[in-house]
Amino acid sequence: MTTNISSGGRAKCELSFTVNGERRTVRVHPMERLLDVLRQELALTGAKEGCAEGECGSCSVLMDGALVNSCLVPILQAKSANIVTIEGLAAGAQLNCLQEAFLDFGGAQCGICTPGMILAASHLLQRNPQPTIGDIREGLSGNLCRCTGYVQIFDAVAKAVQFKART
Amino acid sequence: MRSDPADYELVAPANLQEIVALLAEEPGTWLPIAGGTDVMVQYAAGKLSARKLVSIWNLPELRHIEVLADEVRIGAGCTYTDLRENETVGREFPLLVSAASWTGGIANQNRGTLGGNVVNASPAADSLPALLAYEAELILVSIRGERRVPYLDFHTDYKKTKLASDELIRDICLSRRFSEYFSYTRKVGARQAQAISKVCVAALGRLDGGKVKDVRIAVGSVAPVPLRLLETERIVQGKAIEPSLLLLAKKIAVAEIRPIDDIRSTMRYRSTVVGNLVAEFLEKLRANEPAI
Ligand SMILES: Cc1cc2nc3c(=O)[nH]c(=O)nc-3n(C[C@H](O)[C@H](O)[C@H](O)COP(=O)(O)OP(=O)(O)OC[C@H]3O[C@@H](n4cnc5c(N)ncnc54)[C@H](O)[C@@H]3O)c2cc1C
Ligand code: FES
Ligand code: FES
């Protein structure tokens with residue numbers, strides 16, 4: 001079977017996808033993880049590697065609007081996708097309301113889990129603009145934090161919900 | 001040790017026909033990868049023996065839910081989120097939707113597929129007891145055509161299935177005849193979210209004049225394969241649910257399972273919990289108490 005390069009193979013292949021609104025093209029092995037491509041090829045180091053097995057959520061990004069763990073996505077499956085990383089949430093120096101709320105409520109300490117927490121929260125609010133505390137806990141249940149004890153994070157998300165409702 | 005991506009091949013043919021042709025060309029060589037939530041974990045740990053992978057992620061032929069007069073056909077490539085968001089599935093198959101809602105976190109539910117859960121064939125997989133309770137049937141496709149098989153004996157041993165090396169699961173078919181049944185399901189894990197089951201039960205039942213007319217009881221994590229408790233079902237059939245029946249059902253259920261001691265739990269704990277959950281199901285069925 002001869003495989004055409006745009007559909008993958010073992011050799012490096014060229015593929016394009018959109019990252020934070022910009023069209024990007026990379027030459028990579030098709031089994032490279034989306035996480036590594038973002039961090040190493042595109043120098044977007046917001047997504048972190050915590051566990052490399054889908055358990056911690058620190059590598060979370062949005063892929064075609066859906067929250068995914070980028071450590072479990074082979075890059076070929078992200079071909080032509082629309083990816084949003086934490087770097088794509090703020091508009092220039094203007095932080096997004098979740099980012100503001102995390103700062104105000106001590107939702108970030110060491111910061112390793114924060115990009116994933118904020119993307120998971122953003123994904124939740126897109127689907128459910130008025131989440132209950134139960135919904136917030138469920139929406140963030142795939143994201144682990146070793147520092148905050150979670151309460152500040154849940155408070156920050158609840159605050160961002162109120163803030164959004166007002167504006 | 002971590003795998004080197006340069007050692008692996010991954011292709012993404014455009015349609016199902018090309019994929020089954022590839023599987024047939026070199027049987028047993030190409031490993032399908034759907035949402036990758038099992039495959040990529042093995043890959044990252046350097047434990048993936050296949051070197052050639054074929055992506056079936058987001059394939060339109062595998063990612064649709066079809067509502068027919070007597071059954072609902074769920075494409076094997078549907079994610080847990082697809083299941084949770086589908087109105088018919090939500091209304092008629094609450095056991096499956098509950099299982100979907102406790103399968104890892106949201107990111108996992110956005111990628112993990114029902115077909116992947118079946119073929120990965122972990123005895124602890126959460127949707128499999130629900131599929132057993134609903135008496136699911138699978139439509140398997142290959143270049144040779146398609147065949148329809150009952151899910152009941154699809155798992156032949158620990159992590160072994162009846163899937164041929166050139167086959168894919170295309171659909172998981174769920175009969176709509178259970179939609180009026182009483183549903184009960186519980187997952188017992190170390191914590192509420194993101195925990196592999198110690199025991200997982202899915203059950204359906206119906207009473208007639210205070211007696212058990214029909215029940216289905218399935219359990220995960222207590223044998224090399226997900227199990228339907230056929231003997232327990234038979235014993236309670238036609239009987240009134242009273243304390244003596246509960247005791248008997250517990251005893252029979254515990255005799256039907258083959259739990260082991262492992263890192264998550266012990267044989268003794270699992271046996272006790274299965275007995276208690278079977279009794280709890282029957283009590284709630286009698287009282288018609290919402291159990292999901
Ligand atoms: C953090 C985390 C938490 C998890 N929590 C749970 C949990 O709570 N409960 C649970 O049950 N599971 C859990 N899982 C396991 C996993 O998410 C599920 O088993 C999931 O359904 C696998 O689907 P997938 O599409 O990702 O499979 P993949 O990893 O893509 O594939 C798994 C296997 O299935 C085969 N396959 C996939 N689709 C088909 C098809 N249509 N036809 C033939 N073969 C196919 C593949 O070749 C492979 O052998 C968890 C995983 C992670 C990473
Ligand atoms: S690094 Fe991806 S989930 Fe932990
Ligand atoms: S702030 Fe440190 S892990 Fe969450």
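Everything numeric here is computed off the predicted structure, so don't read it as measured data. All chains are named by letter (A, B, ...) in the order of the sequence lines, taking the proteins before the strands, and each is independently numbered beginning at 1.
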Is there side-chain contact between A/Met31 and B/Tyr43, with heavy atoms separated by less than 4.5 Å?
yes
Quick one: does A/His123's side chain get under 4.5 Å of B/Ile106's, heavy atoms only?
yes
Heavy atoms of other groups near B/Lys159 NZ, more than 12 under 6.0 Å:
yes
Answer yes or no: does atom CZ of B/Arg186 have more than 12 heavy-atom neighbours from other residues, nucleotides or ligands under 6.0 Å?
no
Check for a donor-acceptor pair, side chain of B/Asn110 on one end and backbone N or O of A/Leu67 on the other, with a separation under 3.5 Å.
yes
With only heavy atoms counted, which part of [X] is less than 4.5 Å from chain B, the side chain, the backbone, both or neither?
{"X": "A/Val28", "answer": "neither"}
{"X": "A/Leu119", "answer": "neither"}
{"X": "A/Cys51", "answer": "neither"}

Taking A/Lys12 first and then B/Glu9, would you say they form a salt bridge - that is, a charged N and a carboxylate O separated by under 4.0 Å?
no
Salt bridge or not for B/Arg2 and A/Glu49, using N-O below 4.0 Å?
yes
What salt bridge (charged side-chain N to carboxylate O under 4.0 Å, His left out) pairs are there with at least one residue in residues 107-133 of chain A, not counting sequence neighbours?
A/Arg127-B/Glu85
Straight-line distance of A/Glu55 CD to B/Asn108 CG, nearest 0.5 Å:
8.5 Å
Separation between CG of B/Leu10 and SG of A/Cys13, rounded to the nearest 0.5 Å
8.5 Å
Under the salt bridge (charged side-chain N to carboxylate O under 4.0 Å, His left out) criterion, do B/Lys47 and A/Glu53 qualify, and how do the steps go?
CA-CA 12 Å; B/Lys47 289 186 185 147; A/Glu53 55 181 40; over 6 Å; no
So, using side chain to side chain donor-acceptor pair (under 3.5 Å) as the criterion, who are the partners of B/Ser55 when residues are at least two apart?
A/Gln77
B/Asp7: side chain to side chain donor-acceptor pair (under 3.5 Å) partners, not counting sequence neighbours:
none
Note: vs chain A, highest number of non-hydrogen pairs under 4.5 angstrom among B/Ser101, B/Pro5, B/Gly35 is B/Pro5
Search all heavy atoms of B/Val41 against all heavy atoms of A/Leu72 and return the closest pair with its distance.
CG2-CD2, 3.8 Å
Can you give me the closest heavy-atom contact between A/Ser141 and B/Gly105, atom names plus distance?
OG-CA, 4.0 Å
Of A/Pro74, A/Gly57, A/Cys71, the largest count of non-hydrogen pairs under 4.5 angstrom with chain B goes to A/Pro74
Sorted by number, residues from residues 90-118 of chain A in contact with chain B (heavy atoms, under 4.5 Å):
none
So, the part of B/Ala195 with a heavy atom under 4.5 Å from chain A: the answer is neither
Under 4.5 Å heavy-atom distance to chain A, tell me which part of B/Ile33 shows up: side chain, backbone, both or neither.
both
